[in-house]
Amino acid sequence: MALRPPGPADALSRFLALADELAATKRWFDDWELLRHAAIPLSLAPGEPAEIVRRLRATMDELKERTPWWSHVHGNMRILIAALLIQNGTSSNDYLAEQARATKLFRAHKLRRDKGGEALAIQLLAEQAPDRRVTESQVRRMRVVFDWIRRDHPMVASTGDYPTVALLASTAIEPETIGTRVEKIYQDLRGRGFKGRGPLIATSHLLYFHPANDPRCCERFEALWREFGARGLRMQPGDYDELALLAFAPGTASAIATKVLQHREPITALRPRMSRNTSFSLACGTAFLELVGLDRALRKLSRIQATVQIQTILRMRQAAAIAAGAGAA
């Protein structure tokens, strides 16, 4: 008999239970920031927390054992990939086979190689395919959408945007219309004083799916930004994707902020300790799941946001390492 997926009221308690189980099974090399972010989509998976964590660690080990050391799957990215595979019910064998096949399609359509963004984009495209096999038409359409976005941001849009571009390409809208509207949202946010071109591009991709018209969704995004700032939080471009996600949740900006801060309190108490930025990000994820209830489309958006967030963390770490190396030289 299939296990019942957890209900909306379980989001925070499920996350905390998964976090506690991860701590109980800790390994000396565990990456706590990424593991906790991966626990957000895992909180939607059916089953007991202990069993989910056991499957997560086993899948992570399988991916590491079956890939060369230079592969993105061999590194910390496998934490998120393992979590997505568990939630989708996909085996590591099927995942690796599909990645190898779809990667050839990306090269055939002149999409430049990218270790993390490409793998996540392939996973998102596979989820849209009837038999979970990426098609040539999907990749062709993704390339066209990507070209439209790069037309407006040739020096900023990059392979790191592959996951959200794959999401945009999954719609039936003409690529030119997608590119035009995404740019309109981007410019609206810039006009409201939001900075950071890279983070704003990904934010405009997420807000593209908002049911309200573009000015209204940008207004809601800004209202959330100001609400958290008024409550003493030091907001920064790294918080854009969380606010874009919360913009889809029902309720006023004040009510949403209250829910996030309520969730943040028990999350902050977790050990090992985490940064303030991490606790805020995690609380946004669990609060969002509770607020949207059983809406499957919005739950999926939460998983995509978690994907974007983890990729952002890894890229920031890489940039910091490069800067540190340059400083040492």
Side-chain angles (χ1 to χ4, degrees), residues 1-23 25 32-60 77-92 94-95 120 123-128 132 163-164 166-167 170 206 209 241-242 244-251 256 259-260 262-264 266-267 270 278-311 313:
M1 184 177 72
L3 294 172
R4 178 182 64 85
D10 301 330
L12 178 59
S13 60
R14 291 277 296 181
F15 169 79
L16 293 173
L18 287 167
D20 286 342
E21 190 62 33
L22 285 167
T25 59
W32 289 105
E33 186 175 19
L34 296 191
L35 281 170
R36 286 168 173 162
H37 276 287
I40 297 292
L42 280 177
S43 65
L44 298 177
E48 293 299 320
E51 174 60 16
I52 293 173
V53 169
R54 186 196 66 76
R55 289 162 55 199
L56 174 68
R57 292 196 179 279
T59 304
M60 287 168 54
M77 181 66 77
R78 76 180 188 277
I79 297 173
L80 173 61
I81 292 173
L84 295 178
L85 295 184
I86 290 171
Q87 192 181 9
N88 295 334
T90 304
S91 70
S92 57
D94 289 344
Y95 166 79
L120 296 174
Q123 182 67 13
L124 291 172
L125 292 175
E127 291 177 12
Q128 304 298 323
R132 293 186 180 272
T164 52
L167 183 64
S170 68
L206 294 172
F209 294 93
D241 59 322
E242 285 94 342
L245 180 71
L246 291 173
F248 288 81
I256 292 172
K259 179 67 68 176
V260 170
Q262 287 174 346
H263 280 220
R264 191 184 189 187
I267 288 174
L270 291 172
T278 299
S279 65
F280 174 73
S281 179
L282 296 174
C284 287
T286 57
F288 176 80
L289 291 176
E290 183 174 317
L291 288 166
V292 302
L294 299 176
D295 190 311
R296 294 182 64 183
L298 290 180
R299 282 187 164 204
K300 180 178 179 180
L301 190 64
S302 170
R303 184 156 48 84
I304 292 168
Q305 185 273 335
T307 298
V308 173
Q309 179 64 24
I310 287 182
Q311 187 182 18
I313 291 170

Are the side chains of L56 and L22 in contact, using a 4.5 Å heavy-atom criterion? yes

Might you point out which heavy atoms bring I267 and F15 nearest each other, and give the distance in Å? CG1-CE2, 3.9 Å

Flag the pair I79 / H37 as yes when at least one side-chain heavy-atom distance between them is below 4.5 Å, and no otherwise. no

Set of salt bridge (charged side-chain N to carboxylate O under 4.0 Å, His left out) partners for R54, sequence neighbours left out: E51

I'd like to check Q123 versus L80 (side-chain heavy atoms, cut-off strictly below 4.5 Å). Are they in contact? no

Min side-chain heavy-atom separation I40-F288 under 4.5 Å: no

Can you find a pair of side-chain heavy atoms, one from L245 and one from L206, that are under 4.5 Å apart? no

According to salt bridge (charged side-chain N to carboxylate O under 4.0 Å, His left out), who are the partners of E21, at least two apart in sequence or on a separate chain? none

Do R36 and T278 meet the criterion of a side-chain donor-acceptor pair at a distance under 3.5 Å? no

To the nearest 0.5 Å, tell me how far R55 CZ sits from I86 CD1. 5.5 Å

Hey, does D94 have a side-chain heavy atom less than 4.5 Å from the side chain of L85? no

Specify the closest pair of heavy atoms between P49 and A17, including all atoms of both residues, with the distance to one decimal. CG-CB, 3.7 Å

Do Y95 and L84 make a side-chain contact, defined as non-hydrogen atoms from C-beta onward lying under 4.5 Å apart? no

Rounded to the nearest 0.5 Å, what's the gap from OG on S170 to CG on L124? Could you check? 8.5 Å

Within the structure provided, determine whether R132 and N88 are in side-chain contact (heavy-atom separation under 4.5 Å). yes

Interatomic spacing from CD1 in I81 to OG1 in T59 - rounded to 0.5 Å: 11.5 Å

Exercise: identify the closest heavy-atom pair between A39 and L18: O-CD1, 3.7 Å

CZ of R14 to CG of L44, rounded to nearest 0.5 Å, is 8.5 Å

Closest approach of P163 to L120 (non-hydrogen atoms, all atoms of both residues): CG-CB, 3.9 Å

Indicate the atoms forming the closest heavy-atom contact of P250 with L291, along with that distance. CG-O, 3.4 Å

To the nearest 0.5 Å, atom CG of L12 lies from atom OG1 of T286 at 5.0 Å

Sequence-distant partners of R264, side chain to side chain donor-acceptor pair (under 3.5 Å), two or more places apart: S279

So how far is it from S281 OG to E33 CD, rounded to the nearest 0.5 Å? 8.5 Å

Taking all atoms of both residues into account, what is the closest heavy-atom pair of I52 and G47, and its distance? CD1-O, 3.7 Å

